[in-house]
Amino acid sequence: MSLIDKFKINKKKNYPKNNLRHVAIIMDGNGRWAKNRGKLRIEGHKAGIKPVIKSIKFAILNKIEVLTLFAFSSENKIRPSLEVISLMDLFLNVLNTQIGNLKLNNVRLRIIGDRNFFSKSLRDKINESESLTSKNSGLTLNIAANYGGRWDIIQAIKKIVIKVQLGILNPSNINDKTVSKLLCMSDLPSVDLVIRTGREYRISNFLIWQIAYSELYFADVFWPDFNNHIFKSAIDFFVYRKRRFGGL
Ligand code: IPE
Ligand code: IPE
Ligand code: MG
């Protein structure tokens, strides 16, 4: 038996496999993928739809309970308006074409982020898509659009301040739970694994509070090249991590 085989067996003996319930993905690198092919950035965003659909199928097949995809950050609004408008059009288009499939596959769709920025037609479509799938009991799919981790924390702070002003919350009673339950996805299992593509090694104001103890996996590809094999590698990486949460 080779040393590597022995190591694999030992790993399985000593480490209970982690249960993977919630995966979050930072889908980065569409623009550079397109540039490398002499194409416009928007072509990269369009090419990024296929791995989104594949990842949803992969999550369903592998019984992952929650998949959260970072599609557009609060800060992405500072990009040239043509790119921002094209991305909003693409979002609306994908909702129109995919909502039937999501419903059929028992997926519950939710959009997290500040919706005030979206056009009325996009907001209406988001509401319609969410209510159409709200009773589904399979995968919960969160799309983070115009989402920022700081925005999420600020909207929670505003609610806390109001409660304090109304006298229904004593500031000395504010704790971890007070904040956690006001953040996006507070009703869902906590994020176990964050995957980032795009050859950047940062969080870029994605979930901040919610990933305090998540495992982080950086995939060396641009998002349009993400596939099931890479998703599987990220899970293999995750399942044998020793998660200590500050303990020993
Ligand atoms: C990720 O790809 C998608 C969005 C942020 C909307 P990018 O558009 O950031 O692509 P790169 O990082 O410039 O290659
Ligand atoms: C993060 O990618 C946002 C999304 C993938 C939606 P960015 O391209 O915005 O991140 P930075 O600017 O490289 O940090
Ligand atoms: Mg980027």
Side-chain angles (χ1 to χ4, degrees), residues 22-56 58-59 66-98 109-119 122-123 125-126 141-155 183-185 191 193-211 214-227 230-231 234:
H22 187 164
V23 179
I25 309 183
I26 303 175
M27 309 183 292
D28 190 29
N30 294 348
R32 282 164 288 159
W33 181 92
K35 192 173 175 231
N36 287 348
R37 285 163 180 75
K39 295 180 175 189
L40 295 173
R41 289 180 57 84
I42 189 65
E43 294 304 320
H45 296 312
K46 285 183 184 158
I49 303 303
K50 205 166 148 190
V52 166
I53 294 169
K54 278 193 178 168
S55 300
I56 297 168
F58 183 92
V66 188
L67 179 66
T68 300
L69 301 177
F70 199 15
F72 188 80
S73 78
S74 318
E75 290 70 32
N76 289 149
K77 292 197 292 288
I78 62 173
R79 293 185 178 192
S81 61
L82 184 61
E83 176 160 347
V84 176
I85 292 168
S86 306
L87 280 166
M88 294 301 126
D89 283 350
L90 189 61
F91 187 22
L92 185 61
N93 191 271
V94 171
L95 281 178
N96 273 322
T97 54
Q98 295 302 321
L109 176 71
R110 289 182 177 184
I111 310 301
I112 59 169
D114 184 357
R115 298 177 186 200
N116 292 321
F117 174 71
F118 302 144
S119 65
L122 183 53
R123 280 200 307 268
K125 191 75 215 170
I126 287 172
L141 173 67
N142 301 303
I143 302 291
N146 197 25
Y147 177 88
R150 290 176 184 165
W151 164 82
D152 200 357
I153 293 169
I154 291 166
Q155 62 84 24
L183 295 171
C184 290
M185 312 197 295
V191 180
L193 170 66
V194 178
I195 300 171
R196 180 172 187 145
T197 64
R199 300 177 183 156
E200 305 296 355
Y201 304 89
R202 54 181 174 248
I203 296 302
S204 301
N205 197 22
F206 189 29
L207 307 160
I208 301 175
W209 181 286
Q210 295 93 329
I211 63 166
S214 307
E215 303 297 328
L216 309 176
Y217 185 85
F218 296 94
D220 190 20
V221 289
F222 295 133
W223 175 251
D225 291 327
F226 189 77
N227 58 34
I230 303 167
F231 205 154

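Hydrogens, waters and symmetry mates play no part in the numbers below; they use all other heavy atoms, side chains included. Counting convention: from 1, in listed order, for ligands and their atoms alike. Since the structure is predicted, the reported quantities are computational estimates derived from the model, not experimental observations.
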Of the backbone atoms (N, CA, C, O) and the side-chain heavy atoms from C-beta on, which set of [X] has a member under 4.0 Å from an atom of ligand 2: side chain, backbone, both, or neither?
{"X": "A71", "result": "backbone"}
{"X": "F206", "result": "neither"}
{"X": "E75", "result": "neither"}
{"X": "R79", "result": "side chain"}

Sub-4.0 Å atoms of ligand 2 with respect to non-hydrogen atoms of [X]:
{"X": "R202", "answer": "11 (P), 13 (O), 14 (O)"}
{"X": "S204", "answer": "1 (C), 10 (O), 11 (P), 14 (O)"}
{"X": "F72", "answer": "6 (C)"}
{"X": "R196", "answer": "2 (O), 10 (O), 13 (O)"}

Seminar exercise, completed: ligand 1 to H45, heavy atom cutoff 4.0 Å, flagged ligand atoms 3 (C), 6 (C), 8 (O)
Exercise. With a 4.0 Å cut-off on heavy atoms, does R199 reach ligand 2?
Worked result: no
Exercise. So, E200 and the Mg ion (ligand 3): N/O/S under 2.8 Å, yes or no?
Worked result: no
For this session: Using distance alone, determine whether R32 and ligand 1 share an N or O pair under 3.5 Å.
Result: yes
Seminar exercise, completed: Between the CG atom in L82 and the CD1 atom in I42, the distance rounded to the nearest 0.5 Å is 8.0 Å
Exercise. Going from CZ on F70 to CD1 on I112, what distance comes out if it is rounded to the nearest 0.5 angstrom?
Worked result: 8.5 Å
Seminar exercise, completed: For the Mg ion (ligand 3), the nearest N/O/S atom on D28 is atom OD1
Exercise. Take atom NZ in K50; do more than 12 heavy atoms of anything else shown fall under 6.0 Å from it?
Worked result: no
Exercise. Is it the case that more than 12 heavy atoms not belonging to R199 sit under 6.0 Å from its CZ atom?
Worked result: yes
Problem set entry | Polar atom proximity, S73 to ligand 2 (N or O, under 3.5 Å) | no
Exercise. Hey, is E200 one of the residues with a heavy atom under 4.0 angstrom from ligand 1?
Worked result: no
Exercise. G198: heavy atom below 4.0 Å from ligand 1, yes or no?
Worked result: no
For this session: Starting from atom 5 (C) of ligand 1, locate the nearest protein heavy atom and write down its residue, its atom name and how far away it is, to 0.1 Å.
Result: N76 OD1, 3.3 Å
Problem set entry | For atom 10 (O) of ligand 1, the protein heavy atom that lies nearest, with its residue and separation | G31 N, 2.9 Å
For this session: Taking the side chain as every heavy atom from C-beta outward, state whether N205 and S73 have any atom pair closer than 4.5 Å.
Result: no
Exercise. Aromatic rings Y147 and F206: how do their planes relate, parallel, tilted or perpendicular, breaks at 30° and 60°?
Worked result: perpendicular
For this session: Give me the ring orientation class for F72 and F117: parallel if the planes are under 30° apart, tilted from 30 to 60°, perpendicular past 60°.
Result: parallel
Seminar exercise, completed: Quick look: M27 vs ligand 1, heavy-atom contacts under 4.0 Å, and the answer is backbone
